[in-house]
Amino acid sequence: MDLDLDKLKERQKRIRNFSIVAHIDHGKSTIADRILERTKTVSKREMKAQILDDMDLERERGITIKLNAVELEYEAKDGKTYIFHLIDTPGHVDFSYEVSRSLAACEGALLVVDAAQGVEAQTLANAYLAIDNDLEIVPVINKIDLPSAEPDKVKEEIEEMIGIEADSSILMSAKTGIGVDELLERIVSDVPAPEGDLDKPLKALIFDSVYDSYRGVVLDVRVREGVVKVGDTIELMSNKKTFEVTEVGVMSPKAVKRDYLMAGDVGYITAAIKTVKDTQVGDTVTLANNPTDEPLTGYRKSTPMVYAGLYPVDNAKYEDLHEALDKLQLNDAALEYEPETSQALGFGFRVGFLGLLHMDVVQERLERDFNLELITTSPSVDYHVTTTDGTEVIVDNPAELPDASEIKEIREPFVRAEIMVPEDFVGPVMELCQHKRGEFVTMDYLDKYRVNVVYKLPLLEIIFDFFDDLKSSTKGYASLDYDVEDYEPSELVKMDILLNGEPIDALSFIVHKDFAQKRGRDIVAKLKEVIPRQMFEIPIQAAVGNKIVARSNVKAYRKDVTAKLYGGDRTRRDKLLNKQKEGKKRMKEIGKVSVPQEAFMAVLNLNRGNEDSK
Ligand SMILES: Nc1nc2c(ncn2[C@@H]2O[C@H](COP(=O)(O)OP(=O)(O)OP(=O)(O)O)[C@@H](O)[C@H]2O)c(=O)[nH]1
């Protein structure tokens, strides 16, 4: 097929690639919906609420996890039809790496700020990512329909805190539709058209990929230079593997086939790629017979910060879990895993996550989409350990921590946490941070009312319930952003948990020496609650080294639990039986003891484990 380059150049001028970035809940998805609706990309009837958040899980949780690229056509006031590629981005702090991925595919970003909430931590973090990517930023002040909206104040905040001109911000209500027309026109006028030579060799960035059981791996790409067509042989530059292109197209929002994708386009390529490991997000695609000389620079790769063991309840499902992780990783570049074995749980994987939310989402996907029943062990961070003979080891599984007598020093990851909060709540925030072993760094007034409090905190303390505690101690007003800064020595110890006199490797965890006693007592109490009675008494002990810090017993099973309940109440009885059945599914037989999934997560649910422990 011969392409008319002049026509393509003309088309390129009418392309606008942009993302929407915002703090969580400021209205990104609702704005995306309005844009789709106004450009008639989907009919009202087809339109489900929040169409871009197409995964059930996202809809249930109400957060955007995966990014999606959609092509829309917009007929502008100048009479021309523009091609928009809207790339949705997640807003949660766990997913900022996906934001930087999608920004690498754009020329512009709509920076959405809630007119009542103002600039928050993730607004700043995302705005800086956009600035770093040299994107044109179009500020949008959303929710101006709210009685508490203060658009003028928000404009000032944007100028003062982000340092971009905000006088011309679009005032919008995604709810009522005010401002949508202006927004569309401003995308045309403010977001630059993509550049990139059409007659150069193909250079396309893989910014996402999805596994499809019929078509194989589907690559989401942003073409930077050249053109790619069906029948071309593409080469993945990182591993030099070649594939014949079977289909190219765009999402609109369903897949629509095209004859070609050209410089400036955001779309997908399929090439009967069967092995998920062959494709790497961030890699450059070129043509095998006419390759480009230099790959594109990828983007900041995300590194996992939280690690946990994932084990199939049924040991025979190990290979299924392996396959499921392979497939999931394709949609989730941040996911890392390697096989591990546990004496208690058998064969499984040690999996690295970006944060607890990410861990939750992965676990749910594995269970729901791949029909697996899993036991997840309590999350851990990675420790840098120096042993007495001078060896350095990285330990992300508490069970693998060397014996205390062999450890010279343990260093744990510390984060710089920036917490934005109205001044009235500075007291409670500081108190919370102190509780979590925080070290005060600095505090600045952002404007008359708001303060940015900076603390250095151990990541270990942040990943547990810090965010929830922060929200509850500030009535939801605080926002948090953090980055791992360095590893520093801490007085950490390993807590072993013994059931029936046997140490259970999958239940051990690492804790600061000062919190050990209290955590030990709390965990024993919690385990006593969640481990069901059996025919014999089960002693539970928490130990640091040889020292038992807490103990308790699960009493032997006496009679049918349902016997106590009102004989006549069928529903109540059925409920209980069902619940027992549910619980049983998730039991893991360890020695003679049945241990439920809850037990492995007990350390997460110690009701503010650190409180009063100092
Ligand atoms: N009053 C009012 N509510 C709005 C407006 N825009 C969005 N909302 C509401 O604000 C909430 C958050 O909106 P979303 O669009 O889900 O926010 P988001 O930024 O996409 O959130 P994440 O996907 O979780 O990052 C929802 O309950 C919306 O209905 C608006 O203009 N006015």
Side-chain angles (χ1 to χ4, degrees), residues 18-38 41-42 47-70 86-103 109-127 129-130 137-151 153-155 158 169-184 186 208 253 354-358 360-361 364 467-468 471 476-477 479-481:
F18 62 97
S19 264
I20 310 180
V21 293
H23 189 79
I24 193 156
D25 272 349
H26 283 198
K28 210 170 41 233
S29 305
T30 318
I31 290 178
D33 284 352
R34 288 293 92 79
I35 296 175
L36 293 185
E37 206 177 48
R38 199 60 66 96
T41 306
V42 273
M47 198 153 136
K48 283 202 198 136
Q50 314 266 320
I51 197 143
L52 278 186
D53 292 350
D54 64 352
M55 280 179 275
D56 283 358
L57 204 59
E58 291 184 19
R59 208 166 302 133
E60 269 167 37
R61 286 168 184 268
I63 50 159
T64 316
I65 304 160
K66 290 297 297 176
L67 48 102
N68 288 276
V70 181
L86 161 58
I87 295 141
D88 198 23
T89 59
H92 192 275
V93 52
D94 270 12
F95 296 100
S96 69
Y97 83 105
E98 288 207 350
V99 176
S100 64
R101 273 164 64 177
S102 44
L103 296 185
L110 309 180
L111 179 71
V112 177
V113 187
D114 186 315
Q117 302 292 328
V119 171
E120 297 197 62
Q122 289 293 303
T123 320
L124 277 183
N126 287 330
L129 283 178
I137 298 179
V138 183
V140 180
I141 300 175
N142 187 35
K143 308 199 189 182
I144 57 160
D145 59 290
L146 290 174
S148 52
E150 293 181 281
K153 188 169 155 230
V154 174
K155 277 186 193 172
I158 295 176
S169 298
I170 300 163
L171 300 182
M172 161 147 204
S173 165
K175 189 176 172 189
T176 65
I178 299 173
V180 180
D181 290 329
E182 189 193 345
L183 181 72
L184 293 167
R186 286 281 295 279
D208 203 358
L354 297 168
L356 280 194
L357 176 68
H358 186 214
D360 241 27
V361 167
E364 269 191 63
F467 196 56
D468 291 340
K471 286 275 168 196
Y477 279 112
S479 55
L480 165 75
D481 191 47

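In each ligand, atom 1 is the first atom listed, and ligand 1 is the first ligand listed.
Residue-level proximity to ligand 1 for Lys143 is carried by backbone and side chain together, each with a heavy atom below 4.0 angstrom. Within the 4.0 Å heavy-atom criterion, both parts of Ala174, backbone and side chain, lie near ligand 1.
Under the side-chain hydrogen bond (donor to acceptor under 3.5 Å, both in side chains) criterion, Ser169 pairs with no residue, sequence neighbours left out. In this structure, Asp145 has no salt bridge (charged side-chain N to carboxylate O under 4.0 Å, His left out) partners at least two apart in sequence or on a different chain.
In this structure, Ile31 and Val112 have side chains that are in contact, with non-hydrogen atoms separated by less than 4.5 Å. Within the 4.5 Å cutoff, the side chain of Ile141 has heavy atoms near those of the Ile158 side chain.
Those atoms of ligand 1 that come under 4.0 Å of a heavy atom in Gly27, given as number and element, are 7 (C), 13 (O), 14 (P), 15 (O), 17 (O), 18 (P), 19 (O). Taking every non-hydrogen atom of Leu146 and a distance limit under 4.0 Å, the qualifying atoms of ligand 1 come out as 1 (N). Per-residue contacts place Ser29 under 4.0 angstrom from the following atoms of ligand 1 (heavy atoms of the residue considered): 15 (O), 18 (P), 20 (O), 23 (O). Close contacts of ligand 1 with Lys28, meaning ligand atoms under 4.0 Å from a residue heavy atom, involve 15 (O), 17 (O), 18 (P), 19 (O), 20 (O), 25 (O).
Formation of a donor-acceptor pair under 3.5 Å by the Asp114 side chain with backbone atoms of Lys143 is not found in this model. Panel note: side chain Ser19, backbone Ile87; a donor-acceptor pair is recorded below 3.5 Å.
Remark: among candidates Asp145, Thr30, Asn142, the nearest residue to atom 29 (O) of ligand 1 is Thr30, based on non-hydrogen atoms.
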